[in-house]
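All chains are named by letter (A, B, ...) in the order of the sequence lines, taking the proteins before the strands, and each is independently numbered beginning at 1. Computed from a prediction, not measured in an experiment: that's the story for all the values here.
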2 protein chains.
Amino acid sequence: MDYLKLENQACFPIYALSRVLTAHYKPILDEVELTYPQYLVMMVLWEHNQLSVKEIGEKLLLDSGTLTPLLKKLEAKKMILRERSKTDERIVNVSLTNNGLQLKDKASSIPEAFKCSLGLTTDEITLLRKNINTILDKTKK
Amino acid sequence: MDYLKLENQACFPIYALSRVLTAHYKPILDEVELTYPQYLVMMVLWEHNQLSVKEIGEKLLLDSGTLTPLLKKLEAKKMILRERSKTDERIVNVSLTNNGLQLKDKASSIPEAFKCSLGLTTDEITLLRKNINTILDKTKK
DNA sequence: ATAAATTAAATTGTGTACAATTTAATTTTA
DNA sequence: TAAAATTAAATTGTACACAATTTAATTTAT
């Protein structure tokens, strides 16, 4: 088997699928004026209320070079607050504004809209999620 | 189930895995001075010798906005040639230089090196590839 | 045959990604 | 406890990604 052929690659379809899925999200997220990475940040904040930049990075596997400008955009949209920790000035804590908190209601329809856009069954999605998460855990260190 | 929780998302682990896998490729591709998207372009050219920008885009799911600057970089590295088609001036044909062709030998060890870096079994990779390709085919239109 | 529509690349502008470095604050250690 | 090491963000620079527009060439439909 020729391992330098595209069809024998495992990484390419994941790279391509990631972009295809983000494209499916695009029109849905346009409604709430968020990009996909911005949506992910909002999602972890809806779940945890307040997180440092580092903690957000650990959850999303992104570094400050990516997060700092992204968080500044969310701040400019009045979705989040960024404030230096009083007890440790190195840390920037990120929290939701009322605006950002209220967006959760509007966002509640996003997962279902996304599922419809994909046209996959619940079983297919669940299987995919579990399969990918297994691989992700094994490879991410 | 709260579908706005990160752990219940199917898209996030794919997005994250794509970046994790690219990070695994990085030190390996540094040896041949290619980025991962550049490596993909070289791979389709090793397989097809000559392709138009549009054909490369169809294979990799990338548009000219992404490909044009990337191809110019490969051209600057003397890996490829870009020339307007004589029969249809709208088309730019991309082909390998001798340099680019010879790189295939050096690149032949990349798939194995990547597999070692991941630490997954052949079976795990094959299963993943088939599973992802099925989903990709269903979602890419 | 020629105006209208389509096509292929390139361009422009915005938004990630990430390596490498810098800055400032806090811990560790000699 | 003061210098050294570490840590958290921010910054800088390079390279995608992609929407939207532009440009030029080719088809098509009248």
Side-chain angles (χ1 to χ4, degrees), chain A residues 11-12 14-27 29-30 33-42 51-77 80 82-94 140, chain B residues 11-12 14-27 29-30 33-42 51-77 80 82-94 140:
Chain A
C11 193
F12 169 67
I14 292 163
Y15 158 79
L17 183 59
S18 175
R19 290 183 292 112
V20 166
L21 297 185
T22 302
H24 275 274
Y25 264 117
K26 177 84 170 50
L29 291 177
D30 279 350
E33 291 179 279
L34 292 175
T35 64
Y36 181 66
Q38 287 168 13
Y39 172 61
L40 290 176
V41 168
M42 293 304 291
L51 292 169
S52 67
V53 173
K54 178 185 158 67
E55 287 168 330
I56 294 172
E58 283 166 355
K59 290 182 189 306
L60 303 183
L61 310 189
L62 294 170
D63 69 8
S64 67
T66 301
L67 286 173
T68 297
L70 190 159
L71 292 171
K72 283 179 179 173
K73 278 172 204 129
L74 285 177
E75 188 180 38
K77 292 185 210 186
I80 62 165
R82 293 162 65 244
E83 26 193 11
R84 290 268 161 196
S85 163
K86 291 285 190 301
T87 54
D88 185 341
E89 292 273 350
R90 290 172 304 181
I91 295 171
V92 168
N93 285 128
V94 181
K140 85 175 155 191
Chain B
C11 192
F12 169 67
I14 292 162
Y15 158 78
L17 183 59
S18 176
R19 292 182 291 112
V20 166
L21 296 184
T22 302
H24 275 274
Y25 263 117
K26 176 84 170 50
L29 291 176
D30 279 349
E33 291 180 276
L34 293 175
T35 64
Y36 181 66
Q38 289 169 12
Y39 172 62
L40 290 176
V41 168
M42 293 306 290
L51 292 169
S52 66
V53 173
K54 179 185 156 68
E55 288 168 330
I56 294 173
E58 284 167 355
K59 290 183 188 305
L60 302 183
L61 310 189
L62 293 171
D63 69 8
S64 68
T66 300
L67 286 173
T68 296
L70 189 157
L71 292 170
K72 284 180 178 173
K73 275 169 208 138
L74 285 177
E75 188 181 38
K77 292 186 210 185
I80 63 165
R82 293 162 65 246
E83 26 193 10
R84 291 267 161 199
S85 164
K86 290 287 190 301
T87 55
D88 186 340
E89 292 273 350
R90 290 172 302 181
I91 295 172
V92 168
N93 284 128
V94 182
K140 86 175 155 191

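The residue among A:A23 and A:T68 whose nearest nucleotide of DNA chain D is located toward the 5' end is A:T68. For the pair A:S64 and B:P69, both in contact range of DNA chain C, the more 5′-proximal nearest nucleotide belongs to B:P69.
Bounding nucleotides for the chain B contact on DNA chain D, 5' to 3', at a heavy-atom distance below 4.0 Å, are D:dA15 to D:dT26.
Within the 4.0 angstrom heavy-atom criterion, no nucleotide atom of any strand lies near A:L67. Among the protein residues, B:T22 comes within range of no part of the nucleic acid, since none of its heavy atoms lies under 4.0 Å from any strand.
With rounding to whole Å, B:Y25 atom OH is found 19 Å from C:dC18 atom C1'. In this structure, the CZ atom of B:R19 is 10 Å from the C1' atom of C:dT16, given to the nearest Å. As rounded to whole Å, 12 Å separates atom C1' of C:dT16 from atom CG of A:L74. Here the P atom of nucleotide C:dC18 and the NZ atom of B:K26 are 11 Å apart, to the nearest Å.
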After noting the C-alpha distance and the side-chain angles of B:E89 and B:R84, does the key distance pass the salt bridge (Lys or Arg N to Asp or Glu O under 4.0 Å) rule? CA-CA 6 Å; B:E89 292 273 350; B:R84 291 267 161 199; 5.4 Å; no
Criterion salt bridge (Lys or Arg N to Asp or Glu O under 4.0 Å) on A:E55 and A:K59, from CA distance to verdict: CA-CA 6 Å; A:E55 287 168 330; A:K59 290 182 189 306; over 6 Å; no
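Considering all non-hydrogen atoms of both residues, A:C11 and B:L21 come closest at SG-CB, 3.5 Å. Here the closest non-hydrogen pair linking A:F12 and B:Y36 is N-OH, 3.2 Å.
You'll find the side chain of A:L34 reaches within 4.5 Å of the side chain of A:L74, heavy atoms only. The closest side-chain heavy-atom distance from B:E83 to B:V92 is not below 4.5 Å.
How far CD1 of B:I56 is from CG of B:D63: 13.0 Å, rounded to the nearest 0.5 Å. The CG atom of A:L70 sits 12.0 Å away from atom OG of A:S64, with the distance rounded to the nearest 0.5 Å.
At least one side-chain nitrogen or oxygen of B:Y15 sits closer than 4.0 Å to the OP1 or OP2 atom of C:dA17. Residue A:T35 places none of its side-chain N or O atoms closer than 4.0 Å to OP1 or OP2 of C:dT14.
Contacts between residues 84-92 of chain B and DNA chain C, counted as heavy-atom distances below 4.0 Å, involve B:R84, B:R90, B:I91, B:V92.
For A:R90, the salt bridge (Lys or Arg N to Asp or Glu O under 4.0 Å) test picks out A:D88, with sequence neighbours left out.
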